[in-house]
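Nothing here was measured: the structure is a model prediction, and the numbers come from that model. Throughout, protein chains are lettered first and strands after them, A, B, ... in sequence-line order, and every chain is numbered starting at 1.
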Protein chains: 2
Amino acid sequence: MNDVAATGISVLLVDDHPIVRQGYRRVLESQGDLHVVAEADNAADAYGAFKAHDPDVVVLDISMPGASGLEAIRNIRARSPRARILVFTMHNEAVLVKSAFSAGASGFVTKSSEPSAVVNAIRSVARGERAMSDDIAHILAEDSLSPTGSALDQLGEREIEILRQFAGGATTEEIATHLNLSVKTVQNYHYLIKTKTGARTDAQLVRLAATCGLTRI
Amino acid sequence: MNDVAATGISVLLVDDHPIVRQGYRRVLESQGDLHVVAEADNAADAYGAFKAHDPDVVVLDISMPGASGLEAIRNIRARSPRARILVFTMHNEAVLVKSAFSAGASGFVTKSSEPSAVVNAIRSVARGERAMSDDIAHILAEDSLSPTGSALDQLGEREIEILRQFAGGATTEEIATHLNLSVKTVQNYHYLIKTKTGARTDAQLVRLAATCGLTRI
DNA sequence: TTGCAGTTCGGGCAAATTTCCCAAGCCGGA
DNA sequence: TCCGGCTTGGGAAATTTGCCCGAACTGCAA
């Protein structure tokens with residue numbers, strides 16, 4: 001690992017908006033100890049940039065076109081398990097946060113956070129600690145009060161199948177017919193899937209299914 | 001009007017993410033002729049800041065909580081018809097662009113644009129010209145050639161806004177709070193949107209919003 | 001063999017939401 | 001001026017959700 005104390009923290013910025021990257025770069029560099037050594041504007045380039053520059057921390061927005069940011073996290077971590085990745089996005093859904101962490105992220109900070117919170121999160125992640133912004137901690141705390149599991153891997157075979165059809169746009173009756181189940185059973189699965197994944201909305205369920213590759217949009 | 005040539009261009013930044021504002025501020029100020037004289041983090045404060053500082057250009061992200069950005073545009077223009085407003089957002093839906101211009105915006109630039117395109121757009125708008133980024137021009141052109149409008153074209157601007165938030169994972173109550181509406185009204189919009197678009201399921205609605213670029217997954 | 005744990009399947013019932021229908025206010029165009 | 005569309009919400013019946021429950025079936029291990 002780099003000698004962080006002596007050389008400062010090197011950062012790889014991944015975000016699809018050029019001017020946003022430029023803005024972050026200036027904010028981070030004004031801190032003195034943070035140095036943006038590379039940028040990438042999509043998930044596919046992120047790993048190449050990571051390999052080329054071996055940054056201490058990857059700061060990455062998961063809402064990007066093309067491959068999902070979650071995939072980028074998995075991609076980088078699979079080949080460089082010591083990589084520190086800080087997710088930095090406007091989204092604050094519990095499902096997404098949990099997916100990001102289980103994909104291998106070290107931190108999760110929303111864009112609503114103060115700049116100081118963001119740079120502190122970068123420093124924490126560089127030290128190998130876990131970091132998240134206050135709003136994320138709150139959402140996760142709220143979510144953890146119900147004895148749910150983590151994300152999609154907690155679902156059984158049937159639940160996955162029903163989630164797939166549901167996210168594909170099928171109605172409850174249609175799913176019941178397809179699978180020769182009673183409507184009530186499908187409704188119960190629907191409810192179970194929501195509680196297990198922590199989704200509070202059907203829309204969140206669809207987004208989860210999409211980000212996990214269960215359905216294509 | 002201010003003497004732009006002699007004093008430079010004063011800018012009011014409106015965006016709900018503190019670090020994003022900070023980033024823009026640094027990028028713009030590095031240009032020499034652009035000066036950020038005020039910031040606002042929501043549509044409600046935008047007009048107050050405008051009145052207090054009388055900036056040459058308002059740079060505003062329309063995807064904000066609270067009153068929609070479109071409302072902020074109308075708000076400012078209604079009371080100060082000479083205001084120059086440049087919409088600066090990640091969204092690139094033709095419907096949104098048209099709504100923004102008819103609300104009184106002078107320009108529309110996406111965050112995918114190069115920083116140089118953004119600052120040039122600010123200068124154009126300050127000179128009283130209309131400005132838009134290349135991708136927006138392309139989308140508008142494409143849209144005007146298609147005989148069959150997108151499914152979103154039949155929706156009003158409120159419906160679009162509610163659909164965006166819904167597809168983003170917000171609950172009915174959250175949307176009602178964000179937009180200062182009764183839950184009942186949001187429910188009615190939800191129903192109306194479904195019937196207008198022909199979606200029979202919330203999941204289909206999310207997919208529609210995603211394929212139309214209203215939301216990203 | 002027994003027993004435990006997990007998955008699948010569905011009933012029940014109160015609470016919430018969806019589905020329609022309706023109305024009033026506002027604004028822009030004919 | 002009148003018409004039509006958008007926005008905002010009330011009302012009431014129909015449906016779904018949220019959360020409880022039990023039962024059958026599986027595999028697995030003691």
Residues in ring pair (Phe, Tyr, Trp, His ring centres under 6.0 Å) with [X], at least two apart?
| X | result |
| --- | --- |
| A/F88 | A/Y24 |
| A/F166 | A/H190 |
| B/F108 | none |
| A/Y189 | none |

Does a side-chain N or O from [X] land closer than 4.0 Å to OP1 or OP2 of [N], or not?
| X | N | answer |
| --- | --- | --- |
| A/K194 | D/dG18 | yes |
| B/Y191 | C/dC20 | yes |
| A/H190 | D/dT17 | yes |

**Prompt:** Could B/R130 and B/F101 be counted as a cation-pi pair, given that NZ or CZ must be under 6.0 Å from the ring centre and within 45° of the axis?
**Reply:**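 Yes, a cation-pi geometry.
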Could you check how far [atom1] of [X] sits from [atom2] of [N], rounded to whole Å?
| X | N | atom1 | atom2 | value |
| --- | --- | --- | --- | --- |
| B/Y189 | D/dT8 | OH | C1' | 6 Å |
| B/I162 | D/dC6 | CD1 | P | 14 Å |
| A/K196 | C/dG6 | NZ | C1' | 9 Å |

**Prompt:** side-chain contact (heavy atoms from CB on, under 4.5 Å) with B/T195: which residues, sequence neighbours excluded?
**Reply:**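 Expected list: B/Y191, B/L192.
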Heteroatom pairs (N/O) under 3.5 angstrom, protein to nucleotides 10-14 of chain D:
{"residue": "D/dG10", "atom": "O6", "partner": "B/N188", "partner atom": "ND2", "Å": "3.0"}
{"residue": "D/dG11", "atom": "O6", "partner": "B/K184", "partner atom": "NZ", "Å": "2.5"}
{"residue": "D/dA12", "atom": "N6", "partner": "B/K184", "partner atom": "NZ", "Å": "3.2"}

**Asked** Which part of the nucleic acid, if any, lies within reach of A/E161 when heavy atoms closer than 4.0 Å are counted: base, sugar-phosphate only, or nothing?
**Response**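 Nothing: the residue A/E161, judged by heavy atoms under 4.0 Å, touches no strand.
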